[in-house]
Amino acid sequence: MHRSEVTIDTGAIRRNAATLVRALGRAELWAVVKADGYGHGALDAARAVLAGGATVLCVATVAEALELRRALPEPRLLVLGPATDAEVAEARAARLELVVSGGEIPVGLPVHLKLDTGMGRYGLSELPPPPAEVVGLMTHLATADSDPTFAALQLERFLAATEPYAYLTRHVANSAAALRLPASRLDAARCGIALYGLSPFGEDPAADGLEPAMRWRSHLAQVKRLAVGESTGYGRRFVAQASTWIGLVPVGYADGFRRGMTGTEVRVAGERRRAVGTVSMDSFAVELDRELPVGTPVVLLGDGVLAEEHARVAGTINYEIVCGVNSAPTRARRTVVDG
């Protein structure tokens, strides 16, 4: 038996893409599949979003794009991050598109100029007259999920700067803006987190018609009773106040079940149970209301256990939860279904 099993539902990803396509109206969906598809598998995610109506695939690095290009010869591939001179040559040969945030504009391949309107990261402070290589203009919203007023200010700055070049493709919106800031949709929206059925607002994804695509399961590897005053885990963070059954799950922070997720809830035999004690590298404990047999199923994600809930407990965001799930064959079995 594997320590855990990660199941990716490409049908859910495809339906999430279709949901975004409907929300965007005339704007195109440009699907962000960087970081191995936010932990869901870049190639599996890419095929699903294309089937759901996406027209461009976006990644962070040239290396990510080249890996996709080997399997997908036709789709447009946009590299969002910076590229070295050597990578520009590889990008040209592979028919990639590059984002330029400063320095010289490379020739011989399509380029998107990125304007910094308030994110304070990569981006041009001023937009130069775009040469023939430029096919798109973009910016990155800093607060679409938290402060729509500042997002609107960024959009206003971008529209003013790019108005003379409105014949080029202009793209601003991320998942949060695509769902809740209609004015930002423009010609295309670069959506990532929502494709995987995760809320950009840290809420229940169902509020925006999204379906989580990742299910993560394990089992009870050992069940034991703690007497009053006995503890489990490093630092004795959980000490039994009464006779207490606990179950040990063979998954820990090396698998992506973060140390900060102590106190979150999972499903054991279909019932919600609390993770107690300190999460270890390779295991954590759950508090039980009765003795259960070894092998009892434990759902870590899916079946109503949301990444957003784990993120709140851990003091992080759902992006980091799913990107951190370790589905390497030495740690888990990974299965892809089209549900």
Side-chain angles (χ1 to χ4, degrees), residues 20-21 23-34 49 53-62 64-65 75-84 87-88 91-92 94-145 148-192 194 200:
L20 288 166
V21 168
L24 289 171
R26 295 182 179 181
E28 294 183 18
L29 171 61
W30 290 10
V32 182
V33 296
K34 63 181 180 178
V49 297
T55 56
V56 176
L57 300 174
C58 304
V59 294
T61 68
V62 170
E64 287 180 333
R76 292 173 63 189
L77 294 175
L78 174 61
V79 179
L80 300 173
T84 66
E87 288 176 325
V88 169
R92 189 179 295 114
R95 296 175 292 109
L96 307 181
E97 302 181 25
L98 296 182
V99 170
V100 171
S101 300
E104 294 185 4
I105 298 173
V107 298
L109 80 172
V111 167
H112 300 248
L113 296 182
K114 185 173 186 178
L115 186 65
D116 182 7
T117 58
M119 183 68 171
R121 296 194 315 186
Y122 296 113
L124 301 161
S125 56
E126 294 184 4
L127 193 64
E133 284 77 16
V134 175
V135 298
L137 303 172
M138 62 183 288
T139 194
H140 196 119
L141 298 178
T143 65
D145 58 340
T149 300
F150 187 74
L153 176 60
Q154 283 192 260
L155 177 61
E156 180 182 335
R157 291 170 176 169
F158 177 79
L159 291 175
T162 61
E163 193 277 331
Y165 315 111
Y167 57 90
L168 296 171
T169 299
R170 295 186 291 179
H171 45 107
V172 170
N174 53 16
S175 288
L179 290 168
R180 308 254 178 115
L181 298 174
S184 70
R185 292 168 186 163
L186 303 183
D187 300 311
R190 307 182 308 273
C191 297

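Note that the structure is predicted; figures quoted are calculated from it, not measured. Just so it is clear, the values below take in all heavy atoms, side chains as well, and ignore hydrogens, waters and symmetry mates.
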Donor-acceptor under 3.5 Å ([X] side chain, [Y] main chain):
X    : Y    : result
R95  : L77  : no
S184 : A173 : no
S175 : A194 : yes

Measure the [atom1]-[atom2] distance between [X] and [Y] for me, rounded to the nearest 0.5 Å.
X    : Y    : atom1 : atom2 : answer
L24  : L179 : CG    : CG    : 8.0 Å
T143 : M119 : OG1   : CE    : 9.5 Å
L80  : R190 : CG    : CZ    : 6.5 Å
D116 : L124 : CG    : CG    : 9.0 Å

* Structure fact -> Between C191 and L20, the two heavy atoms sitting closest are CB-CD1, 3.9 Å
* **Heavy-atom pair of closest approach, residues V62 and V79** => N-CG1, 3.7 Å
Please tell me if the side chains of [X] and [Y] come closer than 4.5 Å, counting only heavy atoms from C-beta onward.
X    : Y    : value
F158 : L186 : yes
V56  : H171 : no
L159 : V172 : no
V111 : P130 : no
L115 : L137 : no

Could I get the full list of side chain to side chain contact (heavy atoms under 4.5 Å, CB included) partners for [X], not counting sequence neighbours?
X    : answer
P129 : Y165
A144 : L141, N174, A176, A177, L181
V135 : E97, P110, H112
A91  : L96, L98, L109

Which residues share a side chain to side chain donor-acceptor pair (under 3.5 Å) with [X], sequence neighbours left out:
X    : value
R185 : none
S101 : none
T55  : E28, W30

* Give a yes or no on whether K34 atom NZ has more than 12 heavy-atom contacts from other residues, nucleotides or ligands under 6.0 Å away. => no
* Asked: After noting the C-alpha distance and the side-chain angles of E104 and V88, does the key distance pass the side chain to side chain contact (heavy atoms under 4.5 Å, CB included) rule?
  -> CA-CA 12 Å; E104 294 185 4; V88 169; over 6 Å; no
* Which residue pairs satisfy the salt bridge (Lys or Arg N to Asp or Glu O under 4.0 Å) criterion with at least one member in residues 163-183, sequence neighbours excluded? -> R180-E203, R180-D208
* **Step-by-step side chain to side chain contact (heavy atoms under 4.5 Å, CB included) determination, V33 to V59** => CA-CA 6 Å; V33 296; V59 294; 3.9 Å; yes
Below 3.5 Å, can you tabulate the donor-acceptor pairs from side chains in residues 148-156 to any protein atom, sequence neighbours excluded?
from : atom 1 : to   : atom 2 : distance (Å)
Q154 : OE1    : A142 : N      : 2.9
Q154 : NE2    : T117 : OG1    : 2.9
Q154 : NE2    : H140 : O      : 2.9

